[in-house]
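Working notes, beginning with the structure itself.
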Amino acid sequence: MTRHDDHTNENRFATVAVGAAETGMHLHRGGTNDVVPPIHLSTTFEWASGEEANEHDYSRESNPTRAALEEQLARLEGGEHGLTFASGMAATSTTMLALVSPGGHIVSSDSIYSGTEKLLTELAAGHFDINVDFVDARDPENIAAAVDSDTDLIWVETPSNPLIRLCDIQAISDIADAHDAQFGVDSTFASPYFQAPLELGADVVIHSTTKYLNGHSDSIGGAVITDDGEAFEQLAFAQQVGLGNMLSPFDCYLVARGTKTLPARMEHHEKNAMAVARFLESHERVDRVHYPGLESHPQHELASEQMSGYSGMLSFEFDGTLIELEAFIEELEVFTPGASLGGVESLVEVPSLMIPDEFSRGEATAEIPETLVRVSVGLEDAEDLCKDLRTALP
Ligand SMILES: *Cc1c(COP(=O)(O)O)cnc(C)c1O
């Protein structure tokens with residue numbers, strides 16, 4: 001599968017990711033001819049004159065290391081503008097705050113990251129008096145039925161965390177357009193390598209860069225990319241002036257470094273995930289495997305059309321008791337039990353055992369089966385991964 005052959009950039013994805021398309025501006029900044037954009041820690045920049053700032057003034061508002069990363073991420077998403085935030089949640093909350101007015105209306109998929117659910121139910125609805133409707137977004141008709149002329153924002157996550165459900169970005173973008181609503185897509189699970197929501201009609205795309213973009217489990221961050229100039233102005237104001245929740249120069253450096261190997265890593269994540277998904281599907285103590293690359297995934301066809309690969313995230317339903325499931329997790333040696341995903345190391349998480357009660361999902365969103373196991377398939381040897389599961393499963 002080759003995506004980005006018709007990419008609007010002159011260069012294709014892997015070339016852009018490595019950075020060969022970067023303008024000389026960043027490579028030669030400071031006259032030292034760095035091949036790697038340096039980490040600019042300065043909080044403040046000398047003014048050109050008493051009344052005229054240079055390109056950068058104060059690092060909350062703009063910083064050269066951050067500007068280089070934001071430009072790089074925008075190019076990778078095929079978008080005009082990029083902004084990077086202190087976390088994926090900062091990117092999400094800033095987007096909602098900037099694009100939805102108090103007392104406004106959000107229609108959200110009912111299959112979303114637990115933090116986003118809490119943001120919508122506790123903060124948006126609880127503090128900002130925003131009406132939030134959750135719907136099963138696998139069927140765009142459900143979105144269409146919930147949207148009205150007062151809707152400010154439609155929000156989806158595809159593939160979703162942790163149920164690996166998809167929604168049809170193009171179909172939902174048509175609904176958003178017809179109602180003059182903004183349409184946001186959390187594309188964290190796919191990464192920009194396997195999915196291009198802006199090309200399919202989304203208005204804003206968000207990523208937790210903590211996951212695949214950084215890819216090495218050593219930086220918390222988030223990004224928003226948009227083609228909409230007005231939305232960008234609102235988002236940039238919120239990020240730089242009102243909230244000040246931008247990504248630090250050191251984290252920008254880490255994410256920029258991770259981004260260079262995104263294509264190579266994603267290809268490998270996908271290959272390993274397919275091997276693990278097929279192994280799990282054949283195991284008698286596994287009830288159901290949720291991986292869009294499997295023909296058994298109810299939305300396999302949509303995945304094949306909308307994504308250029310199936311990524312490295314899957315979940316499965318263990319056939320047994322919670323006690324047996326806990327024993328299985330403890331037996332694993334290559335997989336590490338832990339939160340987060342998208343790094344080079346394989347991780348497993350059992351939401352019913354590992355997510356504290358205060359973050360567990362409310363009734364408005366899709367139910368997570370008690371024995372669901374979320375797997376972030378890393379870059380280890382696929383045979384070792386399958387062997388580890390085979391040995392640990394009862
Ligand atoms: C992790 C995650 C987030 C939140 O990102 P943080 O960097 O942890 O704040 C949002 N959406 C999805 C799909 C995620 O997996």
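Atoms within a ligand are numbered from 1 in the order they appear, just like the ligands themselves.
Ring centers of Tyr310 and His297: at least 6.0 Å apart, outside the cut-off. Residues Tyr212 and His207 place their aromatic rings such that the two centres sit no closer than 6.0 Å.
Atoms of ligand 1 found under 4.0 Å from any heavy atom of Phe189, numbered from 1 in the order shown, are 15 (O). Numbered from 1 in the order shown, with element, the atoms of ligand 1 that lie under 4.0 Å from a heavy atom of Thr210 read 7 (O). Listed by number with element, the atoms of ligand 1 under 4.0 Å from a non-hydrogen atom of Ser87 are 7 (O), 9 (O). For ligand 1, the atoms lying closer than 4.0 Å to a non-hydrogen atom of Gly221 are 7 (O). For ligand 1, the atoms closer than 4.0 angstrom to any heavy atom of Asn161 are 14 (C), 15 (O).
Each of Gln299, Glu317, Arg165 was evaluated against His290; a single residue qualifies, Glu317, per the side-chain hydrogen bond (donor to acceptor under 3.5 Å, both in side chains) test.
Within the 4.5 Å cutoff, side-chain heavy atoms of Phe183 are placed close to those of Val156. The side-chain heavy atoms of Phe335 and Leu347, taken from C-beta on, include no pair separated by under 4.5 Å. Taking 4.5 Å as the limit, some side-chain heavy atom of Asp186 sits within range of a side-chain heavy atom of Trp155.
Atoms CE and CD1, on Met89 and Ile220 in that order, are 12.0 Å from each other to the nearest 0.5 Å.
Below 3.5 Å of separation, one finds an N or O of Gly88 facing an N or O of ligand 1. Not a single N or O atom of Ile220, backbone or side chain, sits closer than 3.5 Å to an N or O atom of ligand 1.
Remark: among candidates Ile112, Thr158, Thr116, Asp186, the nearest residue to atom 11 (N) of ligand 1 is Asp186, based on non-hydrogen atoms. Comparing heavy-atom distances from atom 9 (O) of ligand 1 across Lys211, Met89, Glu157, Arg374 singles out Met89 as nearest.
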Pair Glu333, Lys387 - check salt bridge (charged side-chain N to carboxylate O under 4.0 Å, His left out), show working. CA-CA 10 Å; Glu333 285 181 357; Lys387 193 173 79 187; over 6 Å; no

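The closest approach between Ala91 and ligand 1 stays at or above 4.0 Å for every heavy atom of the residue.
Ranking protein heavy atoms by distance to atom 4 (C) of ligand 1, first place goes to Tyr113 CE2, 3.5 Å. Here the heavy atom of the protein found nearest to atom 5 (O) of ligand 1 is Ser208 OG, 3.0 Å.
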